[in-house]
Enquirer: 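Please read through the structure below; I'll follow up with questions.
Excluded from the calculations below are hydrogen atoms, water molecules and symmetry mates; all remaining heavy atoms, backbone and side chain alike, are included.
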Amino acid sequence: MLGMQQILLSLLERRFGPLPQAARERVQTASADTFQAWLLRVLDATVLDDVFED
């Protein structure tokens, strides 16, 4: 089974295409709260930066 980080990366790639390495690193080092916020934002984001906005 895929880990949660891999699921988010897969969703991001499906929606926005190939991800920059910096985005991959952010996903891999995010806190649990930040990670949860990103999972929800991917549903409404129109560009990748919308997911990672602070």
Enquirer: How far apart are the C-alpha atoms of Phe52 and Val27, what are their side-chain angles, what is the distance that settles it, and do they pass the side-chain contact (heavy atoms from CB on, under 4.5 Å) test?
Expert: CA-CA 9 Å; Phe52 297 119; Val27 168; 4.1 Å; yes
Enquirer: Indicate the atoms forming the closest heavy-atom contact of Phe35 with Leu8, along with that distance.
Expert: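 Between these two residues, the closest heavy atoms are CE1-CD2, 3.6 Å.
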Enquirer: Any non-hydrogen side-chain atom of Trp38 less than 4.5 Å from a side-chain atom of Val42?
Expert: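 Of all side-chain heavy-atom pairs linking Val42 with Trp38, none is under 4.5 Å.
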Enquirer: Do any N or O atoms from the side chain of Arg15 and from the backbone of Leu43 form a donor-acceptor pair under 3.5 angstrom?
Expert: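 Side chain of Arg15 to backbone of Leu43: a pair is present.
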Enquirer: For the CG atom of Leu9 and the CD atom of Gln28, what is their distance to the nearest 0.5 Å?
Expert: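 Reported to 0.5 Å precision, the distance equals 6.5 Å.
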Enquirer: I want to check something: taking the side chain as every heavy atom from C-beta on, are Leu48 and Leu19 in contact at a cut-off of under 4.5 Å?
Expert: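 Yes, their side chains come closer than 4.5 Å.
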Enquirer: Output, in order, the C-alpha distance, side-chain angles, deciding distance and verdict of side-chain contact (heavy atoms from CB on, under 4.5 Å) for Arg26 and Thr34.
Expert: CA-CA 10 Å; Arg26 287 186 78 178; Thr34 299; over 6 Å; no
Enquirer: Hey, are the side chains of Arg14 and Leu11 touching, using non-hydrogen atoms and a 4.5 Å cut-off?
Expert: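 Counting from C-beta outward, Arg14 and Leu11 never come under 4.5 Å.
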Enquirer: For residues Arg41 and Asp50, determine if any side-chain heavy atom of one lies less than 4.5 Å from a side-chain heavy atom of the other.
Expert: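 A side-chain contact under 4.5 Å is absent here.
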Enquirer: Got more than 12 heavy atoms from elsewhere within 6.0 Å of CD, Gln36?
Expert: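 Not more than 12 within 6.0 Å, no.
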